[in-house]
Amino acid sequence: MAEADWERDVIEKLAFSALREQRRSRRWGIFFKLLGFAYLIVLLLLVLDWRSQDGFGSSGKHTALVDVVGVIDPKGDASADRVTESLQNAFKNKSTQGVILRINSPGGSPVQAGIIYDEIRRLRGIYPNVPMYAVVEDICASGGYYIAAAADKIYVDKASIVGSIGVIMDGWGFTGTMEKLGVERRALVSGENKAFLDPFSPFDEKQKRHAQSMLDDIHKQFIDVVRKGRGKRLKESPDIFSGLLWTGARSIELGLSDGFGSVDFVAREVIKAEDILDYTKKQDFTERVAKRFGAAMAGALAKVAAQGQLNIR
């Protein structure tokens, strides 16, 4: 009887060992399949990257397109680094007959917008025979319009939103709430204004005046850019520089834009080069991989992990 039990124990151990090995092999099989899939994706994206860049050497006459989409900030798609690099590539191609800056932006950093504006002015000086036009889609406001003012002409849709020539600095004040909660603010500073506009301290009128002075200075820079770019076309009134927004149709009447037109219209009828080549610098390879496939790969690996720990022995 004891011998039978011993044999049964051995058989069970061998069976469980074989089962564990089978599960381990299956998990590794899934892992290596995912790894192979990821490798193929990387190769595909590399090929797509290469093909997208290949057009920059095109010998055919074309209209160059550069997008300014979204909030203008250092880390976004509409950062100064990305937009200026795109513009440089567009202007330096000898086959470029004209450049279209397609804008769909509510604005953003005045510094980033200023860098793009200055680069446009510089490139237009280097390539005086290459015209540049701004085409507004849904919105061209604040910093977006700051950039558009550098173009030869601005084209809009009748329902586009244009304007907001102003500057804003916003924040919150929590002093009333803190008093109700019995919370005391304790801030030690070296420098009278180091806690400038601290939201947890009472509003300081002297600091408020200083902040307003800074905003006024930036606003004046914005106004000077618009006046320089639009010239006599601009029909100035107290409202023009007040931060108001207008429809595309009304912006033409005010001299903020020049006419109705889409990207295809401007390329075909104004620049006279119907072929459009997109020079917009896209997100780099690693960013695209992370955004497109990061979540999917994480989910797939989680399924593998759910079946048991991956062990390397």
Side-chain angles (χ1 to χ4, degrees), residues 67-80 83-84 101-121 133-173 193 196-199 203-259:
D67 281 328
V68 178
V69 176
V71 177
I72 302 165
D73 65 61
K75 297 181 180 180
D77 289 337
S79 70
V83 176
T84 56
L101 196 63
R102 179 167 56 188
I103 301 175
N104 195 357
S105 172
S109 163
V111 173
Q112 295 289 301
I115 292 171
I116 296 170
Y117 173 89
D118 290 341
E119 182 62 12
I120 292 172
R121 302 289 299 185
Y133 305 104
V135 173
V136 178
E137 292 195 335
D138 294 280
I139 185 168
C140 178
S142 195
Y145 190 79
Y146 192 115
I147 295 171
D152 292 301
K153 289 185 177 181
I154 302 173
Y155 291 89
V156 297
D157 182 87
K158 59 183 179 295
S160 297
I161 300 298
V162 180
S164 188
I165 302 172
V167 186
I168 184 173
M169 176 189 289
D170 56 5
W172 303 92
N193 295 298
F196 185 72
L197 297 182
D198 175 28
F203 210 174
D204 186 294
E205 287 298 324
K206 182 181 176 182
Q207 293 180 358
K208 178 182 177 183
R209 288 194 298 272
H210 183 75
Q212 187 61 56
S213 176
M214 289 194 301
L215 294 178
D216 291 342
D217 286 345
I218 298 171
H219 190 204
K220 185 179 182 301
Q221 296 169 16
F222 197 167
I223 292 171
D224 290 343
V225 161
V226 174
R227 282 175 172 161
K228 183 177 181 179
R230 301 304 298 164
K232 295 181 180 179
R233 293 172 290 183
L234 188 66
K235 297 176 177 59
E236 289 200 29
S237 71
D239 287 340
I240 285 289
F241 304 123
S242 70
L244 284 176
L245 292 160
W246 290 275
T247 64
R250 180 61 176 149
S251 73
I252 295 173
E253 296 174 4
L254 295 172
L256 292 168
S257 55
D258 298 283

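Note: hydrogens, waters and symmetry copies are ignored here, and every other heavy atom, side chains too, is used.
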Original post:
Going by atom types only, do S164 and S142 share a side-chain donor-acceptor pair under 3.5 Å?
Top reply: no
**OP:** Would you confirm whether H219, through its side chain, and I168, through its main-chain N or O, come within 3.5 Å as a donor-acceptor pair?
**Re:** no
**OP:** Let me see the working for T247 and V162 under side-chain contact (heavy atoms from CB on, under 4.5 Å), right down to the final yes or no.
**Re:** CA-CA 6 Å; T247 64; V162 180; over 6 Å; no
Original post:
Would you call P110 and V167 a side-chain contact if the rule is heavy atoms closer than 4.5 Å?
Top reply: no
Original post:
Do V226 and Y145 touch side chain to side chain, with heavy atoms closer than 4.5 Å?
Top reply: yes
**OP:** Could you go through the salt bridge (Lys or Arg N to Asp or Glu O under 4.0 Å) check for K220 and D216 one step at a time?
**Re:** CA-CA 6 Å; K220 185 179 182 301; D216 291 342; over 6 Å; no
Subject >> Between OG on residue S213 and CZ on residue R209, distance to nearest 0.5 Å >> reply: 11.0 Å
Original post:
Does anything in residues 235-257 pair up under salt bridge (Lys or Arg N to Asp or Glu O under 4.0 Å), and if so which pairs, sequence neighbours excluded?
Top reply: R227-E236, R250-E253
Original post:
Got L244 and W246 here, is their nearest side-chain heavy-atom distance under 4.5 Å?
Top reply: yes
Original post:
Which pair of non-hydrogen atoms, one from G248 and one from V156, has the smallest distance, and what is that distance?
Top reply: O-CG2, 3.6 Å
Original post:
How would you list, by chain and number, every residue that makes a side-chain contact (heavy atoms from CB on, under 4.5 Å) with D157, sequence neighbours excluded?
Top reply: A159, S160
Subject >> Point-to-point distance, once rounded to the nearest 0.5 Å, from CD1 of I116 to CD1 of I72 >> reply: 5.5 Å
**OP:** Check V136, I252, V135 against S257 for a side chain to side chain contact (heavy atoms under 4.5 Å, CB included) and give me the one that passes.
**Re:** I252
**OP:** Kindly say whether K75 contributes a backbone atom to a donor-acceptor pair with the side chain of S79 at under 3.5 angstrom?
**Re:** no
Subject >> Side-chain heavy-atom pair D77, V69 within 4.5 angstrom cut-off >> reply: no
Original post:
Where do D67 and R102 come nearest, in terms of heavy atoms and distance?
Top reply: OD1-NE, 2.6 Å
Original post:
For the atom pair CG (D138) and CD1 (I161), what is the distance rounded to the nearest 0.5 Å?
Top reply: 9.0 Å
Original post:
Looking at CG of D152 and CD1 of I120, how far apart are the two atoms once the value is rounded to the nearest 0.5 Å?
Top reply: 10.5 Å
Subject >> Any K228 side-chain heavy atom under 4.5 Å of Y117 side chain >> reply: yes
Original post:
Taking all atoms of both residues into account, what is the closest heavy-atom pair of G144 and I103, and its distance?
Top reply: O-CD1, 3.7 Å
Subject >> From CZ (R230) to CG (L254), nearest 0.5 Å >> reply: 10.5 Å
Subject >> Atom of G108, atom of V71 and distance for their closest heavy-atom approach >> reply: CA-CG1, 4.1 Å
Subject >> Test log, rule side-chain contact (heavy atoms from CB on, under 4.5 Å), inputs I147 and L101 >> reply: CA-CA 9 Å; I147 295 171; L101 196 63; 3.4 Å; yes
Original post:
Between D217 and Q221, do the side chains contain an N or O donor and an N or O acceptor separated by less than 3.5 Å?
Top reply: no
**OP:** I would like to know whether N104 and I139 meet side-chain contact (heavy atoms from CB on, under 4.5 Å); could you show each step before the answer?
**Re:** CA-CA 5 Å; N104 195 357; I139 185 168; 3.5 Å; yes
Subject >> Ring geometry between Y155 and Y133 (parallel below 30°, tilted from 30 to 60°, perpendicular above 60°) >> reply: perpendicular
Original post:
Which pair of non-hydrogen atoms, one from A78 and one from V68, has the smallest distance, and what is that distance?
Top reply: CB-CG1, 4.0 Å
